[in-house]
Amino acid sequence: MKLVQKELSDQEIIRLEKWKKLQEKGIEVFPHQAEKSHSVFEVVRDFYDLTREELEEKVYPVKVPGRIMAVRKMGRATFFHIADFRDRLQVYLREDIVGKENYELFELFDIGDVILVEGRLFRTRTGELTVLAEKFSFLAKSFHPLPEKWHGLQDVELRYRKRYLDLIMNPEAGETFLIRSQLIAKIRKFFDDRGFIEVETPMMQVIPGGALARPFKTFHNALGIDLYLRIAPELYLKRLIVGGMEKVYEINRNFRNEGVDSQHNPEFTMLEFYQAYINYHQLMDLTEELFLYLAREIHRKEELQYGDQSISFKRPWKRIKFREAILEYGGLSPARLDDEKAVLEMAANLAADSRSLTYSKALDVIFDKLVKDKIIQPTFIINPPKEISPLAKSDRENPEEAARFELVIAGMELANAFSELTDPFEQRERFEEQAAMRQKGDEESHLVDLDYVEALEYGLPPTGGEGIGIDRLTMIFTNQKSIREVILFPLLKPR
RNA sequence: GGCCCGUUAGCUCAAUAGGUAGAGCAGCGGACUCUUAAUCCGCGGGUUGAAGGUUCGAGUCCUUCACGGGUCACCA
């Protein structure tokens with residue numbers, strides 16, 4: 001018997017010795033299954049309201065699995081708690097009930113062991129719902145001591161590397177990931193109820209498209225070809241609209257070979273949905289509905305606390321043109337905004353790499369640096385420059401602007417949506433413009449995807465499409481400031 | 001990648017000005033049949049992230065490296 005860790009602490013050696021003793025006694029430590037009646041969470045949920053008298057009148061037998069969390073031994077009686085990732089439940093162990101031999105056996109149980117407790121419910125003098133144990137047995141032995149009971153696991157790195165310890169010790173962690181799960185479930189319900197079809201499209205692509213980002217590259221041995229992990233599902237989802245699927249959505253991972261910070265993880269989860277026959281204005285309405293629905297369903301509120309801000313999803317949300325947002329929040333005069341040279345200069349000072357800057361990209365840089373942070377309440381930023389939107393239709397009134405919006409909440413870009421470009425000839429031109437930029441050294445420009453253009457040549461009806469970052473959405477809904485707090489296993493360098 | 005901060009017992013943290021590395025929890029032994037950060041008595045536990053350097057003497061000062069956090073850059 002060897003543990004992964006090479007150098008063992010005294011406590012680990014003691015636990016191994018206890019295991020040995022258990023084997024000598026022929027006690028099953030790692031059984032094949034457990035006859036449970038309730039989880040800890042279910043006991044607390046279902047019996048929380050029963051009074052002491054009700055519990056005395058009628059016997060409520062339970063068989064509950066859980067991890068031993070805190071032991072208070074007082075001679076021939078012991079109190080301890082068992083926990084699952086949502087709740088904890090007190091257990092009362094008495095020598096006169098379980099028998100002397102069994103009571104002494106409890107010495108071989110440690111904090112951290114997973115056990116099954118069988119008994120009846122009662123309330124203690126202080127009123128705490130408690131299992132009066134009649135039997136208890138091992139479900140698994142823990143060979144390592146748990147982190148400190150009061151402070152929990154504080155080391156941020158360890159919390160990410162050993163998320164299981166975070167979940168065992170810190171109830172807030174479990175709560176965060178529960179909300180994440182509920183968000184995704186409710187998003188599915190929202191779209192399913194509206195007749196959308198959930199689909200899955202390739203994660204490995206020959207031409208990574210649908211966004212402006214650098215991809216991860218890999219290689220397929222049998223076919224002998226380079227493949228890329230997808231940066232977005234967009235072009236495939238629109239092929240499905242061509243194929244007549246009127247409303248589709250996908251919730252899945254995207255991969256972008258970029259830096260890591262509190263708002264970016266190399267793999268992240270995106271919702272993308274496409275609906276034929278609608279434009280980006282209708283998408284804004286749908287987006288408002290979706291967020292309001294999620295806030296009501298999950299938090300029973302229309303306003304959420306995020307840091308020291310209160311974010312209101314009450315409709316209607318602010319809609320402001322990209323240009324005007326820069327004027328309003330960026331502190332530029334209209335004259336300065338139209339002065340191409342001045343704008344380029346300003347952006348060059350804000351960006352490290354100013355080689356491939358154009359007027360439109362410069363505006364985007366200024367927006368990112370100076371404007372985005374200042375927008376806290378849900379705000380649609382509409383009609384950004386067409387040049388940075390190669391897959392969107394041009395705006396009807398201003399052909400240099402895109403029929404597109406970005407949704408900003410709490411200084412983060414939450415969503416990006418547009419009236420999809422459906423004209424195959426214009427799409428091809430836009431791809432070629434992007435290719436020209438790539439020639440000039442812009443690695444994030446879009447690659448030409450003629451297979452996609454060919455799909456458009458068969459006829460893509462007018463379509464509205466949108467992407468929503470699920471991780472950032474979860475951050476807003478769980479009041480977390482780092483994306484790593486909402487991803488169970490964020491990318492870390494190996495130890 | 002740049003800059004700043006952090007890394008000390010299983011965990012959470014101390015260690016004045018460079019002078020014998022400590023506490024709480026956890027663990028071990030003992031007392032205790034309504035405790036809940038249980039209490040009381042006693043005990044053990046350290047390559048101070050790694051490698052160099054300065055010094056009579058380094059957890060502490062210097063250099064390099066590793067990992068993490070924050071921030072800037074790039075991105076969503």
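All chains are named by letter (A, B, ...) in the order of the sequence lines, taking the proteins before the strands, and each is independently numbered beginning at 1. As the structure is a computational prediction, the values presented were derived from the model and not from experiment. Values below: all heavy atoms of this structure, side chains included; hydrogens, waters and symmetry mates excluded.
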Working to the nearest 0.5 Å, report the span between CH2 of W317(A) and OG1 of T379(A). 9.5 Å
What orientation do F79(A) and Y92(A) show, parallel under 30°, tilted 30 to 60°, or perpendicular over 60°?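 Correct class here is parallel.
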Watson-Crick/G-U partner (both atom distances under 3.5 Å) of [N]:
| N | value |
| --- | --- |
| rA50(B) | rU64(B) |
| rG10(B) | rC25(B) |
| rU35(B) | none |
| rG19(B) | rC56(B) |

Please confirm whether F109(A) and F106(A) have ring centers closer than 6.0 angstrom.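 Yes, close enough.
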With rounding to whole Å, what would you report as the distance between rG53(B) and rG57(B) at their P atoms? 12 Å
Looking only at atom C1', what distance separates rA76(B) and rC61(B), rounded to whole Å? 44 Å
Taking only Lys NZ, Arg NE, NH1 and NH2, and the carboxylate oxygens of Asp or Glu, determine whether E406(A) and K372(A) approach each other closer than 4.0 Å. no
Reckon [X] touches a base, only the sugar-phosphate, or nothing at all at heavy-atom distances under 4.0 Å?
| X | answer |
| --- | --- |
| D261(A) | base |
| G467(A) | nothing |
| R161(A) | sugar-phosphate |
| F80(A) | nothing |
| F122(A) | base |
| L414(A) | nothing |

Once you round it to whole Å, what is the distance between [atom2] of [N] and [atom1] of [X]?
| X | N | atom1 | atom2 | answer |
| --- | --- | --- | --- | --- |
| L271(A) | rA76(B) | CG | C1' | 14 Å |
| N257(A) | rC74(B) | CG | P | 17 Å |
| D155(A) | rU7(B) | CG | C1' | 9 Å |

Where do N or O atoms of nucleotides 24-27 of chain B meet protein N or O atoms at under 3.5 Å, pair by pair?
from    : atom 1 : to      : atom 2 : distance (Å)
rC25(B) : O3'    : K149(A) : NZ     : 3.3
rA26(B) : OP1    : K149(A) : NZ     : 2.7
rA26(B) : O2'    : Q11(A)  : OE1    : 3.3
rA26(B) : N3     : Q11(A)  : NE2    : 2.8
rG27(B) : O4'    : Q11(A)  : OE1    : 3.3

Side chain of A77(A), heavy atoms from C-beta onward: which of rU33(B), rA76(B), rU71(B) has the nearest atom to it?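 From the listed options, rU33(B) comes nearest.
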Within the 4.5 Å heavy-atom criterion, are I470(A) and I187(A) side-chain neighbours or not? yes
RNA chain B: 5'-proximal contact among D364(A) and F79(A) (nearest heavy atom): F79(A)
